[in-house]
Amino acid sequence: MVTRTLVAIGLAAMTLCSAPTRSLAQAAPSADPALHHAPVSVATAGQDLTILAAIDHPEMVRSAIVVYRIAGASDVHEVRFLRAAQGPYIALIPGGDVRSPSIEYTVELEPVAGGRKTVFASREEMQEVEVPGDLEDARERALAARLDNRRSVVSTSTEYVAFGQRSVDGGREVADRYWRAEASYTYRPLRTVAEFGIRAGVVRGPNPSSDATKPDLGLNYGAPSIRLRLGDIWHVEGEFLTSVTASGFAVGTGGAVLIGDPYGSKLTLGFESIQGFGSRVYSRVDIAARPNLVISPIVEVTDAVRVTEASQNKFGVRLLTEARLALGAGFTLSALAGYQARVAASGGPTLGLGCSYGF
């Protein structure tokens, strides 16, 4: 009887001791690796981008990876987290890949158990890190965007100019008129050197001489030019002219100051002069009437075309208006009309057409 009682007490004690142990084992949660990371929002162009992270249960992680994409690119790159000398894990995106305007990244883990999982952001919606460039780069990008990245422009134009009549050879009246045709190419770096290019053309007017064998007045010319940016609303232009006139080889120069938006509304004050042919000074106001339409009133004072290199031709005043219409896809058409005269009693019209293509 005593033996049975002792056995029962022993069994009860074993049950009480073992039950809590099974309960604690069942309640213990399974541990999963985790990564803690403070997002980066700004970086410096050309410098390594440091990504810091802390990893829970690193013994369960085969590797942690930063997957990044340079803004505007479709391909992705990877760098792995390494244990820092002190503190958290660290991944470095090379400075060569840290480019303006931005870079994007996400963080992924490869557990020891296999596979890969995203723990911060995602490949579809990456964390964007702004990479500010210098002011010159930002200005260039903004202007290029306005121009649809069409940095090269080819253009052609023609113009007929009539001043009416003028007196030569002691009172003989002759026609005072000329026509001009021109073609040009311009490239736009959009930096301190805003533009440079070259234009070439011909100008012809009737020779007032009574000798029919003498050639018409005029010139064949070429003129390389450059535009420099002095400030956001200040630009200067300079050009060098070379030509062949009725009296031989000639050279000249020209220049202008532009005040305002170089590709919008602005004021242009300029001059041009060439040996034996004449000079002109002008003012031009470009008014952006609509996004695709610019109206330009022009006032010009000129003594072209001179009868001879030694002649003192009278200066005339030209009042002109040009309209430029952007058709899209880089094409622009322009029309010019106005009136000019050297003397109050005689004058005539100006008519002109032009077109350009940007690419």
Side-chain angles (χ1 to χ4, degrees), residues 147-148 150-164 175-188 195 197-206 216-225 227 237 239 241 243 254 256 258 262-268 270-272 274 277-305 316-342 347-359:
L147 300 171
D148 294 330
R150 300 180 185 274
R151 294 177 180 257
S152 292
V153 180
V154 291
S155 62
T156 183
S157 63
T158 185
E159 179 184 21
Y160 172 79
V161 180
F163 282 93
D176 185 2
R177 66 178 185 268
Y178 65 88
W179 60 268
R180 177 190 61 84
E182 181 178 286
S184 66
Y185 169 76
T186 301
Y187 182 74
R188 301 160 167 169
E195 295 183 358
I198 188 169
R199 58 191 180 97
V202 296
V203 179
R204 290 292 183 273
D216 288 343
L217 299 176
L219 74 161
N220 306 323
Y221 64 91
S225 63
R227 178 186 293 183
E237 289 183 350
E239 66 177 359
L241 292 94
S243 69
L258 292 77
Y263 302 108
S265 297
K266 62 182 177 295
L267 169 66
T268 303
F271 77 95
E272 186 178 86
I274 193 163
F277 179 77
S279 303
R280 70 185 185 106
V281 294
Y282 64 92
S283 68
R284 175 190 182 111
V285 179
D286 292 327
I287 303 170
R290 297 177 59 182
N292 64 336
L293 177 63
V294 177
I295 305 295
S296 304
I298 304 168
V299 178
E300 179 179 310
V301 178
T302 181
D303 66 344
V305 177
V317 177
R318 306 181 66 200
L319 303 178
L320 312 168
T321 299
E322 183 183 61
R324 298 198 309 277
L325 179 64
L327 303 178
F331 289 96
T332 300
L333 290 180
S334 63
L336 178 70
Y339 183 86
Q340 57 273 320
R342 299 190 200 274
T350 284
L351 295 173
L353 291 174
C355 65
S356 66
Y357 174 66
F359 59 96

Worked verdict on Arg280 versus Arg318 for side-chain contact (heavy atoms from CB on, under 4.5 Å): CA-CA 10 Å; Arg280 70 185 185 106; Arg318 306 181 66 200; 6.0 Å; no
Approximate separation, where rounding is to 0.5 Å, of [X] [atom1] and [Y] [atom2]:
X	Y	atom1	atom2	answer
Glu237	Arg227	CD	CZ	4.0 Å
Leu267	Leu258	CG	CG	8.5 Å
Ile274	Ser279	CD1	OG	9.5 Å
Ile198	Ser184	CD1	OG	10.0 Å
Arg177	Thr350	CZ	OG1	13.5 Å
Phe277	Asp303	CZ	CG	9.0 Å

With a 4.5 Å limit on heavy-atom distance, are the side chains of [X] and [Y] in contact?
X	Y	value
Glu159	Glu182	no
Tyr282	Thr268	yes
Ser296	Val294	yes
Leu319	Tyr339	no
Ile287	Pro297	yes
Glu322	Arg284	yes

At their closest point, which heavy atom of [X] faces which heavy atom of [Y], and how far apart are they?
X	Y	answer
Gln340	Pro349	NE2-O, 2.8 Å
Ala304	Tyr178	O-CE2, 4.1 Å
Leu320	Gly338	CD2-CA, 3.8 Å
Ala337	Leu351	CB-CD2, 4.4 Å
Gly218	Val305	N-CG1, 4.4 Å
Leu241	Ala223	CG-CB, 3.9 Å

Expected output: side-chain Ser155 to main-chain Cys355 donor-acceptor under 3.5 Å: no
Under 3.5 Å: donor-acceptor pair, side chain of Arg188, backbone of Glu195: no
Worked check of side-chain contact (heavy atoms from CB on, under 4.5 Å) between Arg324 and Leu336: CA-CA 9 Å; Arg324 298 198 309 277; Leu336 178 70; over 6 Å; no
Mutual orientation of the aromatic rings belonging to Phe359 and Tyr185 [parallel < 30°, tilted 30-60°, perpendicular > 60°]: tilted
Steps toward side-chain contact (heavy atoms from CB on, under 4.5 Å) verdict (Val161, Arg180): CA-CA 8 Å; Val161 180; Arg180 177 190 61 84; over 6 Å; no
